[in-house]
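Structure first, commentary second.
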Amino acid sequence: MEQQNTTLTAKDIQMDEKIPIQNGEHVHQNGESGKQNGVSENGVPAEPKKGQATVTINPEVKVRTVNKEKQKEKVQQIGFFTLFRYGSLFDKIILAVGILCAMGTGCATPINFFVYGDLANYFILYDIAKGTNFSDTNLTTLVNREELLKSLDILDIAKEHALYFCLIAIGAFTLGFTSIFCFTVSAERQIRVIRKLFFRSIMRQDMEWFDTHESSELSTRFSEDMHLIYDGMGDKIATFFQWTTTFVISFVIAFISGWKLALATVAFCPLIILIGGTLTRWVRNLSGEESQAYASAGSVAEEVFSAIRTVTAFNGQEKECKRYNANLMHAKNNAAKKGVVLGLTVSAFWFLIFSALSVAFYYGVKLMQDPDEDFDPGDTLTVFLGVMIGSMSLGHAFPTLEIIANARGAATKVFSIIEQKSKINYEQEGGRKLEKMEGNIKFRGVHFRYPARPNIPILQGIDLDVQKGQTVALVGSSGCGKSTIIQLLQRFYDPEEGQLSVDDVDVKEMNLTWLRQQIGVVSQEPVLFGTTIAENIRYGRIDVTQGEIEQAAKEANAHTFIKELPQGYETLVGDRGAQLSGGQKQRIAIARALVRNPKILLLDEATSALDNESEAVVQKALERAEVGRTTIVVAHRLTTVRNADVIFSMVDGRVHEKGSHKELMDRKGLYYALVNLQSQTNEETEEASFSLDKTPSPQVKDSFLAWVSSTQVAEELEHELFEDEEADENAALMHKVKGHHATPIARQMSAMSSHSNDVIDGKAETDEEEAEADIPLAPLSKIMKMNSPEWLYITVGSICSVIVGAIQPAFAFLMAEFLKVFSMTKEEQDRVSLILVGIIMGIAVFNALLRLVLGICFVKAGSDLTLRMRKLAFKSIVWQDISFFDNHENRVGALTTRLASDAALVQGATGTKIGQVLESLAVLTTALIVAFIYSWNLTLVILAFMPLMIGVGVVQSRLVAGFAKGDKKAMEEAGKICTEAIDNVRTVVSLTREKTFVDEYSNHVDSIYRSGIKRAALYGVVFAVSQCFMYFAYAASFTYGAYLVTQGLGFQDVFRVFGAIIFGGMHVGRTGSNAPDFTKGRRAASRLFSLIERKPAIDAKTEDGQKLKSFTGAVEFKEVRFSYPSRPDVEVLGGLSLSVSPGETLALVGTSGCGKSTTVQMIERFYDPSGGLVIADGVDLKSLNLTWLRSHIGIVSQEPTLFDTSIAENIAYGDNSREVLMDEIISAARNANIHNFIESLPHGYETNVGEKGTQLSGGQKQRIAIARALVRNPRVLLLDEATSALDTESERIVQDALDKARQGRTCVVIAHRLSTIQNADRIAIIHKGQVVELGTHSELLAKKGVYWKLSQHNVKKS
């Protein structure tokens, strides 16, 4: 319904500051419906959504403190058994079998010690029977000596017990294999179901849900949380049941063997549990804080690497290093505390173990001396070992509780998403499907607010009628609700009030999928998926034939250019279509919309980000597409909607006026004002060109033929010109899909893209994997050298480790001494037992102190190394040249991962790991010395089992690595699909392709599952072998030991040798389990060293090079040739010669890939030419000091990168060589036409701009970028399509700011719209890396060459 409002004039339509809306706030250009996260419709940064991270910058320290409300909320975790809720009956059966087998495996150790104690008893009796002091012991009452010796054939007894040991080994193997296999299979089956359900659930959520969930958060759920859930239901749980059973059975056996002694020993367990639990909780809290600090540093790194061109251009490397380092300091402080707590934990644990041993031994002797107790000496061993093994098993089981807790926490989040019900759900089968859709659309009193920002009304009772077959245009300033109408029609949201109907049926009553299948959508930034062109068009309708695909492409004017590509329709378009230009992507999107033959066509600013020539081609395609369809067009450029049947002008979420172009122009209202505002910028071009737009006279024809070479270029350009514009040049307008910004790198890469590089990408991925495998391990000496500042800590820690290691076999030695005590006389027993207890307690205290010291020393040394590696790696990365970041292997994600994970992994090769290795070496050395001293031949028998022990460890780590590599590939593919679908969810939903993505994702998940099943059997075998071979070692050594005893070896020597080697072996085994960490650590160190030591070809850090006393800003290119290092076969500049005088403005015009952006980058010296010279003030750029050169250049690009700090800090970033004064910041803001807007914000210059500047509109970001460039008062100003992605109103304001900024400076401008460059002193048309035309606007028009042709096109369009 039309509203009679007062007439608006052009003056009133100034973006950002002028159009008032009802509540007195201001509307501005921030992406129609404010779909940008956290941006309000009125441009004032919205309050953060509940649970969203609020980011504050502490001005003193410049440390980003991330305060997540979510973390404070206590999430109600699900129960342990609920983890398995998605398992089938079969899964639960094999899980039950797995649990029973795990418990069976857990029984092996306690039963073994029962047999072991019994055997020890026989050895003691045998020693007593042979001994001379027989009559003095308290066993004389039992039997007489002769009978005892006759009954004790120690060799037969040992053989009998050896059989028991072998049976235990066989049982442990069978049950161990079955338990691991069952658990792994069950976990693989269930995680497959959970992954599929999770993704399927995400795909059926409505847009309201996506508005409040970050895509990065969902990707984390997919990768990290799924891994945590898998851990919480896989083989680690099998070991949990195994250890718990060992604990229970050990205690049961201990109590059966001697309940009094068991009770005395058990008294220490609560203490061990209490101290362990408390200290572990401390460690966990400290680790949490530490990882939070590292996460903050990681987000700084990600922000810096994403914006590396901006950082480099503004010499911000040093500043960013300080910002990154400040975030790391908090982590360093936490690590020190963690070292103390860890040291305390370990030392307390060992102190209590030794104390328990001394009590058990002393009390055991007393019990044995009491005839009423009937207590055998072997029972002391069984009881003590039972309680100790039981307690240690509990210790082993405890970490698994944390794994279970993490799994429950992760499952709580994942399961809540799986069970999330959606109001608008494509899977709902109900709803009407009309026999024939006509395409009549009605909005009646529709009110709407975005659920993410409920305080801001968008549509306020709008009434709108669209008849079938009509083309209707919606115009108005940003934020008035145009795009919202498009979204409501696709039923992304439901209106709060009012009704939206199609063919008089409320859309809520229609079948959702059917409705969306009747609608074709072409948006401003078309989203293509990382597959072939044919597949992308097929997404429009799955059952389409190749013929229909080609027909749709012809209708969309895309067939010709597709056919010219080497692989034609099978050409891969790259990630989000990065291999194609804006015009090409747009036409493929139109083909995709047309292939479904929609009844309703929605065009949401489908040509706003294209240059003139591309726009003409795309516009023609759209006009063909509109025939016979109901079409709704949203447009900024009003020239594209003049032919619409009805034009609706919107203000404030209501229709302000409606009518045809002519009617609205006659009415002289809002539409008239907007048209006038826009046409002002084109008037000069029209006037200059108009006289040339008549039929040329014969003389003119002749002169025109003289320019035949120009015409050939023009012909070539007409076919190609500006179709191939930089792939992401319209990124600034990409506010339709939440949270996507083209990275500057993506756009720069497009300048060098060739259409045949799909193969390169695949090859790069393979090479990367091969390189990963071929990375040499860093020498330990090199890592230690990096750790040298902490040499004192390492030395002290190492000495402590060696001493602690030497104490371990002494423990076994004392055990044998205890056994010997039992065969002494009563008086000797009392005396020796007290001495031994004293020795043990002394060792306990000494050991505890040493462990505390070594814990503190190594954690300190390790965390300092990690910190140093991170700092050095980050510093090295930010100082690299730009070609480093162009390399496929150095993507932002890869670099941040390398920084975060590799630096942490290096600790696997240093720190506490060095302590463990030294401790193990000391244990092994001491054990072997003790063993060889007492019986070299028995030692050799036991050592024969060592290679098997080591072999199992090696096989296990190889298996893990092999599977991890295969899984990584499948996981990455699945992750890619997940991310691609979530990132572009609006496109996926509007194409009704949810099921396609779900199916594709399922295929990758199935491949991970198949690999997991193979792994289950191998894991099972390896685990089973590792469980059983120890028992075979017992059987062999005790049998041979018994034989040696009969040959005269003291029985206690058998136990000394056996105890020393088994203790040593167990310790080495535990350390061996760290071997993969050690290897990973050295490999990670190697990767980091290669980063740290990499010398950039263009080194900005060096002080070398001339600094001119006065710099005028003259720039010259002499025969410059250049190819991008990542695409050496594609020459971008082919002998470019060009010069700019001081204070002159030079404009560059040409196709994408012709070298315009490359020229700008050469001036910044991001790259060096392969031939020719780039000269500034007569000096080769290579001879100039790089930091000095860049400090005299200001750059404003099409999609400016702002940092997640305040507006003031972003402007001050323009000059990082000093502290920029507030007055200078304000002055730069005034010159950039942004001061008034900033002042109107609640926090003024201290307003945080959000991640990548998301709290601001395109025009506002652009003006802050101009202020940033001006604050350094540059001699040379580079404007790389600085206004191409803005709407008319914003463009005018930004253009004014740019015109002001250009005064008195050398300026190089790259532009699409000729109206923005006609005032340039000279205009250069660049084609294939060379200048084909050069002159002023009027000179070039007079030549009637390429530039004239473009101007003609402009005039026609206007």
Evaluation steps, salt bridge (charged side-chain N to carboxylate O under 4.0 Å, His left out), between Arg309 and Asp886: CA-CA 11 Å; Arg309 279 177 163 76; Asp886 289 343; 3.4 Å; yes

With rounding to the nearest 0.5 Å, note down the distance linking [atom1] in [X] to [atom2] in [Y].
{"X": "Tyr324", "Y": "Met329", "atom1": "OH", "atom2": "CE", "result": "13.0 Å"}
{"X": "Asn406", "Y": "Arg408", "atom1": "CG", "atom2": "CZ", "result": "10.5 Å"}
{"X": "Thr1201", "Y": "Asn1210", "atom1": "OG1", "atom2": "CG", "result": "10.0 Å"}
{"X": "Ile404", "Y": "Phe240", "atom1": "CD1", "atom2": "CZ", "result": "4.5 Å"}
{"X": "Ile803", "Y": "Leu918", "atom1": "CD1", "atom2": "CG", "result": "11.5 Å"}
{"X": "Trp243", "Y": "Thr239", "atom1": "CH2", "atom2": "OG1", "result": "8.5 Å"}

Sequence neighbours excluded, every pair satisfying salt bridge (Lys or Arg N to Asp or Glu O under 4.0 Å) that has a member inside residues 781-796: Lys782-Glu1093, Glu790-Arg868

Any pair counted as salt bridge (Lys or Arg N to Asp or Glu O under 4.0 Å), so long as it reaches residues 794-807, sequence neighbours left out: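 For residues 794-807: none.
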
What residues, two or more places apart in sequence or in another chain, satisfy salt bridge (charged side-chain N to carboxylate O under 4.0 Å, His left out) together with [X]?
{"X": "Asp864", "value": "Lys860"}
{"X": "Lys875", "value": "none"}
{"X": "Lys871", "value": "none"}

Can you confirm whether [X] sits close enough to [Y] that some side-chain heavy atom of one is under 4.5 Å from a side-chain heavy atom of the other?
{"X": "Ser883", "Y": "Phe1166", "answer": "no"}
{"X": "Arg323", "Y": "Thr1205", "answer": "yes"}
{"X": "Ser1011", "Y": "Ile1008", "answer": "no"}
{"X": "Ile308", "Y": "Phe884", "answer": "no"}
{"X": "Leu872", "Y": "Met786", "answer": "yes"}
{"X": "Asn847", "Y": "Phe351", "answer": "no"}
{"X": "Glu919", "Y": "Val802", "answer": "no"}
{"X": "Val1249", "Y": "Phe1203", "answer": "no"}

Criterion side-chain contact (heavy atoms from CB on, under 4.5 Å) on Val878 and Glu318, from CA distance to verdict: CA-CA 9 Å; Val878 293; Glu318 206 58 59; over 6 Å; no

Taking side chain to side chain donor-acceptor pair (under 3.5 Å) as the definition, give me every residue that meets it alongside [X], ordered by chain and number, with sequence neighbours left out.
{"X": "Tyr1213", "result": "Glu320"}
{"X": "Thr1102", "result": "Asp1104"}
{"X": "Asn1216", "result": "Lys319"}

Would you say the side-chain atoms of [X] pair up with the backbone N or O of [Y], donor to acceptor, closer than 3.5 Å?
{"X": "Thr866", "Y": "Gly862", "result": "yes"}
{"X": "Ser1086", "Y": "Arg1082", "result": "no"}
{"X": "Asp881", "Y": "Ala1097", "result": "yes"}
{"X": "Asn787", "Y": "Ala861", "result": "yes"}

List in chain and number order the residues that pass side-chain contact (heavy atoms from CB on, under 4.5 Å) with [X], two or more places apart in sequence or in another chain; answer none if no residue qualifies.
{"X": "Cys857", "result": "Tyr793, Val796, Val853"}
{"X": "Ser876", "result": "Gln880"}
{"X": "Leu1186", "result": "Ile1098, Ala1100, Arg1165, Leu1189, Arg1190"}
{"X": "Leu852", "result": "Leu344, Ser347, Ile856"}

Evaluation steps, side-chain contact (heavy atoms from CB on, under 4.5 Å), between Asn325 and Arg870: CA-CA 9 Å; Asn325 296 349; Arg870 279 178 197 258; over 6 Å; no

Worked verdict on Trp879 versus Thr312 for side-chain contact (heavy atoms from CB on, under 4.5 Å): CA-CA 8 Å; Trp879 285 104; Thr312 307; over 6 Å; no

Test of ring centre spacing under 6.0 Å for Phe874 and Phe305: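 Aromatic pair counts; centres sit under 6.0 Å.
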
Step-by-step side-chain contact (heavy atoms from CB on, under 4.5 Å) determination, Leu865 to Ile783: CA-CA 9 Å; Leu865 176 72; Ile783 300 172; 4.1 Å; yes

Atom of [X], atom of [Y] and distance for their closest heavy-atom approach:
{"X": "Gly805", "Y": "Val923", "value": "O-CG2, 3.2 Å"}
{"X": "Ala411", "Y": "Ile229", "value": "CA-CD1, 3.6 Å"}
{"X": "Leu228", "Y": "Ala407", "value": "O-CB, 3.4 Å"}

Test item: side-chain donor near acceptor, Glu1209 and Ser1206, under 3.5 Å: yes

